[in-house]
Amino acid sequence: MNQEYEPHVIERAAQSFWTDTKAFEVKEDPSREKYYCLSMFPYPSGKLHMGHVRNYTIGDVMSRYQRMLGKNVLQPMGFDAFGLPAENAAIANKTAPAKWTYSNIEYMKTQLSALGFGYDWTREVQTCRPDYYRWEQLLFTRLLKKGMVYRKDSVVNWDPIDQTVLANEQVVDGRGWRSGAMVERRSIPQWFLKITAYAQELLDGLDTLDGWPDSVKIMQRNWIGRSEGLEFSFAVEGSDEPLTVYTTRPDTIMGVTFASVALEHPFALAAARNNPELARFLKEASATSSCEADFETMEKRGMPLGIYVTHPISGERIPIWAANFVLMGYGTGAVMAVPGHDERDFEFARKYDLPIKQVITVEGETYDTQRWQDWYADKLHPEMKVVNSGEFDGLDFRRAFDEVVKRFEKTGIGARRVNFRLRDWGVSRQRYWGCPIPVIYCDKCEAVPVPEDQLPVVLPEDVAFSGVQSPIKADPEWRKTTCPSCGAPAERETDTFDTFFESSWYHTRYTSPGAEQLVDERANYWLPVDQYIGGIEHAILHLLYFRFFHKLMRDEGFVHSDEPATHLLTQGMVIKETYFTEAADGQKTWINPADVEIEFDAKGHPLSAKLASDGSPVQIGGIEKMSKSKNNGIDPQELIDQYGADTVRLFAMFASPPDASLEWNDAGVEGAARFLRRLWRGVHGHVSQGPVEKLDSAHLNPAQKSLRAALHDTIAKVADDYGRRKQYNTAIAAVMELMNTVAKFEDASAQDRALLQEVWEAVVLMLNPIVPHIGHALWQALSGQPNALDASFPVAEEAARIKDTITLVVQVNGKLRSRIELASEASKEDILAAALADEKVMKFVADQPIKKKIVVPGKLVNIVV
RNA sequence: GCCCGAAUGGCGGAAUAGGUAGACGCCAGGGACUUAAAAUCCCUUGAUCGAAAGAUCGUCCCGGUUCGAGUCCGGGUUCGGGCACCA
């Protein structure tokens with residue numbers, strides 16, 4: 001054993017050992033308990049960033065820990081390789097997206113290997129390879145035949161200068177990010193998956209996911225947004241076509257003073273045909289971004305259609321308005337407006353001077369149409385009652401709801417209906433670098449799925465990419481084909497799938513590498529995933545699609561489980577300050593923090609920043625998650641080169657608990673390196689003194705007994721942190737504390753050395769999942785065994801943890817005043833007596849009468865005077 | 001705007017079911033070793049008052065519950081994530 005800790009030497013040795021012994025290649029083995037640990041795969045953006053290091057270290061720690069418990073552990077890795085950044089890079093670097101992507105994958109794989117992650121690379125998936133995406137094309141065609149897929153018009157952001165569809169991210173302040181042109185909303189036909197058909201199951205399934213964080217389940221529940229309400233029709237004046245609306249507040253039916261429809265609603269479009277002013281308004285008001293945050297914060301605007309409906313109970317004449325805050329995609333795209341009890345309607349009615357009618361009251365509150373108050377909309381207020389509503393007066397929400405629904409059902413103009421906020425998933429993207437949607441368009445047969453024996457529809461990779469048009473759209477040869485049903489000349493779909501499509505089922509493909517099917521029977525040995533780890537930013541979209549796809553695959557007979565993953569750890573984001581320069585036209589260029597020099601004020605807050613290369617000023621942006629688009633990712637490679645993988649892994653785990661967000665800062669890495677050197681020296685010092693005798697744990701002196709108790713307390717704490725709490729910073733701190741204790745332990749006798757052997761072995765094994773390279777080397781030196789991977793994780797010996805005396809805290813009036821040491825089996829009375837006899841306690845109690853005495857066994861005494 | 005989180009020393013963080021606030025580490029200061037540097041080791045380090053013993057204050061803000069609140073409840077502030085075409 002070398003005297004010096006040389007991370008690069010031992011890391012290379014450990015990694016070759018793992019490679020040579022194929023240590024992480026696993027096979028299905030029904031006789032052993034399996035553990036499938038999955039980390040969200042990276043987008044190959046170029047380099048790993050700290051968020052990846054943190055995510056993958058957590059996964060690797062969990063995998064290695066479970067392996068030390070004897071389980072058959074699968075930990076795969078791959079690349080989510082389709083996506084927008086490849087197209088941007090292709091334009092910037094005048095290369096093909098495929099080439100850029102593959103070279104990034106190559107580099108990132110070397111980084112992952114350098115960090116020592118135990119992946120079974122024989123199962124790797126790269127989602128841009130036809131042998132991967134052919135199976136999602138197959139699934140899509142089956143879903144199409146089954147009726148789970150449909151096509152409808154849907155809105156996209158259109159850049160009129162670049163003549164291209166923009167992602168929301170590419171729209172900045174309503175303008176195209178490259179052209180600067182005002183973005184238009186355009187409706188084009190797109191493919192949708194009927195996720196709403198699974199809305200109820202996706203909702204109910206959350207209750208079975210005990211291993212998922214509550215926050216994620218609550219967010220998903222709210223996102224799915226189940227509501228119960230009434231769907232009914234207004235008779236339209238001078239027309240046979242009724243206006244259908246959905247409401248969750250039938251109890252306020254008598255407060256309806258107008259109806260609002262979405263800008264794209266057929267009624268609005270029809271009315272605009274002979275009303276140029278309205279047509280202008282519809283066009284102008286819809287020329288905004290299509291994202292919800294903008295939608296919710298924009299000014300509410302509307303215009304009357306000049307069409308009237310009849311109130312179904314009062315018979316009153318009610319105008320229809322087009323309103324920019326009504327969503328075409330939710331409910332029926334039309335709502336009954338109750339300005340008296342809906343905040344948005346209230347605001348709208350005040351702006352356009354529409355009548356506001358109070359139909360709900362709360363005892364003791366005064367209604368005022370000039371000012372909105374929260375109780376106006378509080379249907380669950382215990383004092384809430386319906387008023388000014390004829391036969392419904394005096395009812396509470398529930399009863400009024402039921403009565404109104406009953407009346408409408410009787411007359412046949414309405415019915416109770418469950419509605420979901422969740423919308424069907426639009427999967428079409430007007431982009432090149434994605435999986436081609438396997439559909440053929442024929443004049444006669446319309447949209448026909450590509451037959452299974454003609455799959456995959458391969459995306460050409462060797463293309464020139466300018467960013468204006470997708471190369472497959474531009475290539476008439478690629479598009480040209482024949483119709484599978486009638487044989488006539490036909491054209492291929494040139495849109496590609498949303499990249500969430502690929503990431504929704506990769507967990508399944510990992511289980512069946514090489515299968516000439518989507519998956520084979522191996523999948524049901526490994527699935528469901530036992531532990532899924534990824535960023536909290538995926539709490540809704542990815543994790544919902546992931547669950548949805550699992551159910552689709554189940555219903556196609558590919559998998560047997562209902563949910564894809566039993567346990568989820570949502571890693572907090574690694575965030576970092578952002579820096580940018582702004583051109584005269586407002587275009588921002590994001591600067592990497594590594595290239596910026598910052599000046600701080602006395603309190604350590606940043607004052608100003610400049611470019612390190614030429615000293616030109618740089619603006620300071622917000623502190624945000626590390627991302628390609630904000631260029632604030634920190635490349636871990638420099639740290640790996642300087643300190644080695646173990647130090648980087650140790651620091652990433654020590655810096656904060658896994659689910660907390662972490663503002664990245666390199667300061668502190670030195671401490672992790674120092675700790676590993678200390679560990680190495682400690683073990684070296686011990687081993688270099690030669691072999692040890694057997695420990696006689698029944699006959700220890702007090703110093704030995706105390707060290708051994710500290711050891712077994714630490715083992716219990718660390719095992720709990722790994723297994724139950726999944727909090728590694730405290731596990732590391734506990735081992736550090738133990739090592740501080742060991743440093744003070746004077747070893748003189750042979751039995752001292754025997755005890756130290758036990759301590760060092762346990763320390764090395766406890767740290768092994770986090771720092772496996774040094775673990776590998778030190779375990780060999782200590783035990784003579786070649787492989788720490790399959791060594792058993794230490795088990796705390798309860799007998800060793802029993803102490804003769806304990807220290808109790810004594811409070812007077814809840815304030816800490818003294819400590820007393822007592823035999824650990826002391827009774828409540830003994831404890832109290834000892835506390836009251838304590839000098840300092842007597843001083844604070846003095847001669848005041850004692851009101852209360854509280855004894856918490858093993859913890860404290862509180863004397864209340 | 002809506003939904004979900006978070007806030008504790010100079011810094012990262014600990015306090016696990018309401019019971020010792022600041023574990024562990026970083027930074028900083030002082031010292032030892034060394035020709036020197038690196039490395040290593042030891043000590044100090046929440047604030048205020050005090051020579052010390054010690055006392056008082058202190059976990060974003062305001063209020064509440066409790067013998068006892070960083071932790072629970074009500075109201076707010078700020079920051080982060082998501083909002084359906086970034087992944």
Side-chain angles (χ1 to χ4, degrees), chain A residues 4 40 42-43 45 80 82-85 156-157 165-171 213-216 218-223 225 290-298 325 329 343-344 422-426 428-431 498-500 503 535-542 544-545 570 572-573 575 603-604 622-625 627-629 651 654-657 659-665 667-672 674-675 677-678 681 717 720-721 724-725 727 729-730 732-737 740 743 807-811 813-816 819 851-854 856 859-865:
Chain A
E4 289 303 310
M40 290 182 187
Y43 176 77
S45 57
D80 189 15
F82 277 135
L84 200 54
V156 293
N157 302 309
V165 173
L166 298 178
N168 284 341
E169 193 193 47
Q170 299 171 308
V171 180
D214 287 335
S215 58
V216 172
I218 293 168
M219 279 192 266
Q220 292 215 349
R221 220 168 263 136
N222 292 339
W223 184 260
S290 64
C291 87
E292 194 192 320
D294 296 340
F295 199 81
E296 292 282 339
T297 48
M298 74 193 169
F325 60 88
E343 196 170 356
R344 278 195 304 200
L422 182 68
R423 307 202 292 264
D424 276 336
W425 175 15
S428 295
R429 296 293 178 268
Q430 297 68 43
R431 298 192 209 297
D498 176 3
T499 55
F500 274 128
S503 56
I536 182 66
E537 68 270 28
H538 295 292
I540 295 176
L541 291 180
H542 162 66
L544 196 63
Y545 296 145
T570 47
M573 255 144 323
I575 55 178
K603 282 188 173 165
I623 299 166
E624 297 180 56
K625 81 165 166 171
S627 73
K628 187 89 183 154
S629 58
F651 183 63
F654 186 57
S656 75
D659 54 355
S661 64
L662 170 64
E663 192 182 331
W664 187 261
N665 187 344
V669 178
E670 189 55 52
R674 197 175 296 154
F675 173 73
R677 282 195 297 265
R678 224 148 74 85
R681 257 200 330 273
K717 155 92 183 140
D720 188 45
D721 279 347
R724 180 181 63 91
R725 297 219 301 157
Q727 190 171 298
N729 55 334
T730 46
I732 295 164
V735 178
M736 286 175 167
E737 255 185 293
N740 291 340
T807 304
L808 286 173
V809 163
V810 187
Q811 299 177 331
N813 285 348
K815 278 189 183 165
L816 172 70
R819 281 162 221 272
K851 283 194 205 147
K852 211 167 186 179
K853 301 169 218 173
I854 293 148
V856 184
K859 282 250 157 97
L860 58 69
V861 181
N862 188 13
I863 315 279
V864 186
V865 296

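Since the model is a prediction, treat every value here as computed from it, not as a measurement. Proteins come first, then strands; the chains are lettered A, B, ... in the order of their sequence lines, and each starts at number 1.
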Checklist outcome for this item: The nucleotide from B/rG25, B/rG81, B/rU20 with an atom nearest the side chain of A/M573 is B/rG81
Checklist outcome for this item: Closest of B/rC67, B/rU20, B/rA14 to the A/V809 side chain is B/rU20
Item to check | side-chain N/O A/T499 vs B/rA87 OP1/OP2, d < 4.0 Å | outcome: yes
Next on the checklist: Regarding A/H542, tell me which of base, sugar-phosphate or nothing describes its non-hydrogen contacts under 4.0 Å with the strands shown.
Outcome noted: nothing
Item to check | N/O donor-acceptor pair, side chain A/R724 with base B/rU16, under 3.5 angstrom | outcome: yes
Next on the checklist: What contact category does A/V165 fall into here, base, sugar-phosphate, or nothing, at under 4.0 angstrom with non-hydrogen atoms?
Outcome noted: base
Next on the checklist: Tell me if the side-chain of A/N862 makes a donor-acceptor pair with the base of B/rC67, cut-off 3.5 Å, by modelled atom types.
Outcome noted: yes
Checklist entry - Which nucleotide sits closest to the side chain of A/A733: B/rC85, B/rG13, B/rC24? => result B/rC24
Checklist entry - Should A/N729 be listed as having a side-chain N or O under 4.0 Å from OP1 or OP2 of B/rG25? => result no
Item to check | Atom C1', compared across B/rG46 and B/rG12: separation rounded to whole Å | outcome: 16 Å
Checklist entry - Counting just side-chain N and O atoms, does A/R431 come under 4.0 Å of either OP1 or OP2 of B/rC86? => result no
Next on the checklist: Say we look at B/rC26 and B/rG80: how far apart would their C1' atoms be, to the nearest angstrom?
Outcome noted: 24 Å
Checklist entry - Which part of the nucleic acid, if any, lies within contact of A/P42, taking any heavy atom under 4.0 Å across all strands shown: a base, the sugar-phosphate backbone alone, or nothing? => result nothing
Next on the checklist: Between B/rC33 and B/rG19, how far apart are the two C1' atoms, rounded to whole Å?
Outcome noted: 45 Å
Checklist entry - Can you tell me if the side-chain N/O atoms of A/R725 get under 4.0 Å from OP1 or OP2 in B/rA15? => result yes
Next on the checklist: Does a side-chain N or O of A/R681 approach OP1 or OP2 of B/rC41 to a distance below 4.0 Å, or not?
Outcome noted: yes
Checklist entry - Which of the following nucleotides, B/rA14, B/rU40, B/rA87, is nearest to the side chain of A/P657? => result B/rA14
Checklist entry - Any N or O donor-acceptor pair linking the side chain of A/K815 to the base of B/rU56 at under 3.5 Å? => result no
Checklist entry - Hey, is the side chain of A/K852 poking within less than 4.0 Å of OP1 or OP2 on B/rC67, counting only N and O atoms? => result yes
Item to check | Spacing of the P atoms in B/rG18 and B/rC11 (rounded, Å) | outcome: 27 Å
Checklist entry - Which listed nucleotide (B/rC85, B/rU40, B/rG19) is nearest to the side chain of A/R677? => result B/rU40
Item to check | Nearest-Å distance once atom C1' is located in both B/rA69 and B/rU59 | outcome: 11 Å
Checklist entry - Is A/W425 touching bases, backbone alone, or none of the nucleic acid, heavy atoms closer than 4.0 Å? => result nothing
Checklist entry - Reckon A/Q727 has a side-chain N or O less than 4.0 Å from the OP1 or OP2 of B/rA14? => result yes
Checklist entry - Looking at the side chain of A/S656, which of B/rG13, B/rC41, B/rC85 is the nearest nucleotide? => result B/rG13
Checklist entry - Across the strands shown, which category fits A/Q811 at heavy-atom distances under 4.0 angstrom: base, sugar-phosphate, nothing? => result base
Checklist entry - Checking all strands, does A/V669 fall into the base, sugar-phosphate, or nothing category for heavy-atom contacts under 4.0 angstrom? => result nothing
Next on the checklist: Any base atoms under 4.0 Å from A/A293, or only sugar-phosphate, or nothing? Heavy atoms, all strands.
Outcome noted: base
Checklist outcome for this item: Side-chain atoms of A/C291 come closest, of B/rA84, B/rC27, B/rC3, to B/rA84
Next on the checklist: Taking any heavy-atom pair under 4.0 Å as a contact, classify A/L422: base, sugar-phosphate, or nothing.
Outcome noted: base
Checklist entry - With sugar-phosphate meaning primed atoms plus P, OP1 and OP2, does A/L84 contact a base, only sugar-phosphate, or nothing at under 4.0 Å between heavy atoms? => result sugar-phosphate
Item to check | Selected nucleotide, minimal atom distance to A/N157 side chain, candidates B/rA87, B/rC85, B/rC4 | outcome: B/rC85
Checklist entry - Heavy atoms under 4.0 Å, any strand shown: does A/L860 hit a base, just sugar-phosphate, or nothing? => result base
Checklist entry - What integer number of Å spans the P atoms of B/rC73 and B/rA17? => result 14 Å
Checklist outcome for this item: chi for B/rG46 classified (syn = within 90 degrees of 0, anti otherwise) as anti
Next on the checklist: For a quick check of understanding: with a heavy-atom distance under 4.0 Å over all strands, which category does A/V864 fall into, base, sugar-phosphate or nothing?
Outcome noted: sugar-phosphate
Checklist entry - If you look at every strand shown and take non-hydrogen atoms under 4.0 Å, does A/S503 touch a base, only sugar-phosphate, or nothing? => result nothing
Next on the checklist: Quiz question: going by heavy-atom distance under 3.5 Å, is there a donor-acceptor pair between the base of B/rC2 and the side chain of A/E292?
Outcome noted: no
Item to check | Residue A/E537, side-chain atoms from C-beta onward, closest of B/rA87, B/rC26, B/rC83 | outcome: B/rA87
Next on the checklist: Students often get this wrong, so: under 4.0 angstrom with heavy atoms, is A/F500 touching a base, only sugar-phosphate, or nothing?
Outcome noted: base
Next on the checklist: With rounding to the closest Å, how many angstrom separate the C1' atoms on B/rG29 and B/rU77?
Outcome noted: 36 Å
Next on the checklist: So which atom in A/P213 and which in A/T570 form the shortest heavy-atom distance, rounded to 0.1 Å?
Outcome noted: CG-OG1, 3.8 Å
Next on the checklist: Side-chain N or O of A/R674 versus OP1/OP2 of B/rC26: is the shortest distance under 4.0 Å?
Outcome noted: yes
Item to check | C1'-based separation of B/rG25 from B/rG9 [nearest Å] | outcome: 14 Å
Item to check | Minimum-distance nucleotide to A/N222 side chain [options: B/rA14, B/rU16, B/rC4] | outcome: B/rC4
